[in-house]
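Reading through the structure tokens given below for one structure.
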Amino acid sequence: MADVPVGELVIVRFSPFAAARLGESAQDDYDRALVEGTPPFFGISTYGLVRSDSSTTVDSLIERICKEAPCGGKNVCVVTKTSLEAAGFAVQLSEPPKLHYDVILGSELRKQDTERLEELLESGRRRNPAWQK
Amino acid sequence: MAKVTQFTRPAVRIRIDLNARDVHGYVPARLSRANGLMAIGDTVVAFEPDDEVRAPAEVMKIVGDFAYLDVRWNELEDDVVAPVIRTIHQTDRTGQQTGSLSSMIRFKLAMPAIAGAAALAAIAGPGLVQTSPATPHAVEAKDVHLS
């Protein structure tokens, strides 16, 4: 992915990244909200941190997210809030859990949205620097 | 003393999304994505097939079609099929097979001769003596006339 400017919100997502699985996860969250009695919407779970200064690298942000959330995986997709919004996806903080953000797909689950999101995520796919197994 | 028998069975596996969380930090997963039944308190294996990772997880609650898992993220590891380990018998420079298989073949070839001689000796009783065998595994028996 392109360099991340200081002050940008870095959004990371761990597997799965495939459009079909993104749609499945969004449907799961929607159905779970109905069961729990919270307002349902279609969204994708991600984690995020702001790059606070130029000495902070993207790798160090990912490592911090893995430690603090906690979460993990071998591979991770890194995008920015700006690039998600440019592609038409709103990003919303949804703590708890810590550092958790939802990428909003809206009130309707459409295949073209999940495919567009997969394409965007795959453009920032990389090996998780925190994976040490 | 009562006989104690222990059984082990593989833990139930359930497919998860590595990012999904509820407000408590538990990972929600549909029960239909498990390969078996589970109950609150069970330890299961949470896995993600695309990333080929797994971690042990405790079932904290079950609501509707969802199980909520407390995943041990610090134990996340590769979820790949273990290789099948096979013993390979090699041959040395003389063409002799090495390893335990050659010993087994020699034992199996000698076994009928040894067993046959033992059976014959058992039938004949003390009236049989054995002579020195011409070959390592050959056994002869001769009658001995007692006065």
Exercise. Taking all atoms of both residues into account, what is the closest heavy-atom pair of A:P97 and B:G25, and its distance?
Worked result: CB-CA, 4.3 Å

For this session: State whether the side chain of A:K74 and the backbone N or O of B:E52 hold a donor-acceptor pair below 3.5 Å, judged by distance alone.
Result: yes

Exercise. What part of A:F14 gets closer than 4.5 Å to chain B, counting heavy atoms only: side chain, backbone, both or neither?
Worked result: both

Problem set entry | Within 6.0 angstrom of B:K61 NZ, more than 12 heavy atoms from elsewhere | yes

Exercise. Can you get from B:L69 to B:V23 by hopping between Ile, Leu, Val, Met, Phe, Trp and Tyr side chains that sit under 4.5 Å apart?
Worked result: no

For this session: With a 4.5 angstrom heavy-atom cut-off, could you sort out which part of B:R33 is near chain A: side chain, backbone, both or neither?
Result: side chain

Seminar exercise, completed: In short, B:A20 meets A:S45 closest at the heavy-atom pair CA-OG, 4.0 Å

For this session: Sort B:R15 into side chain, backbone, both or neither according to what part of it lies under 4.5 angstrom from a heavy atom of chain A.
Result: side chain

Exercise. Any chain of hydrophobic side-chain contacts (each under 4.5 Å) joining A:L9 to A:V79?
Worked result: yes

For this session: Give, as side chain, backbone, both or neither, the part of A:E36 having an atom under 4.5 angstrom from any heavy atom of chain B.
Result: side chain

For this session: Report whether B:Y68 and B:V12 are members of the same hydrophobic cluster (ILVMFWY, side-chain heavy atoms less than 4.5 Å apart, transitive linking).
Result: no

Exercise. In the single-linkage hydrophobic clustering (I, L, V, M, F, W, Y; side-chain heavy atoms under 4.5 Å), do A:I104 and A:L22 co-cluster?
Worked result: no

Exercise. Would you say A:E119 has more than 12 foreign heavy atoms packed within less than 6.0 Å of its CD?
Worked result: no

Problem set entry | A:R21/B:D50 ion pair, N-O < 4.0 Å | yes

Exercise. Cluster question for you: counting only ILVMFWY and a side-chain heavy-atom cut-off of under 4.5 Å, with indirect links fine, are B:V44 and B:L31 together?
Worked result: yes

For this session: Find the distance between OH (A:Y47) and CZ (B:R21) and round it off to the nearest 0.5 Å.
Result: 3.0 Å

Problem set entry | Euclidean distance, A:D28 CG relative to B:D17 CG, rounded to 0.5 Å | 8.0 Å

For this session: State the CG-SG distance between B:N19 and A:C77, to the nearest 0.5 angstrom.
Result: 9.5 Å

Exercise. Which of the residues B:D22, B:L18, B:V63, B:I16 is involved in the greatest number of heavy-atom pairs with chain A at under 4.5 angstrom?
Worked result: B:L18

Problem set entry | Heavy-atom neighbours of A:L93 CG exceed 12 at 6.0 Å | yes

Exercise. Any side-chain heavy-atom pair from B:D51 and A:W131 closer than 4.5 angstrom?
Worked result: no

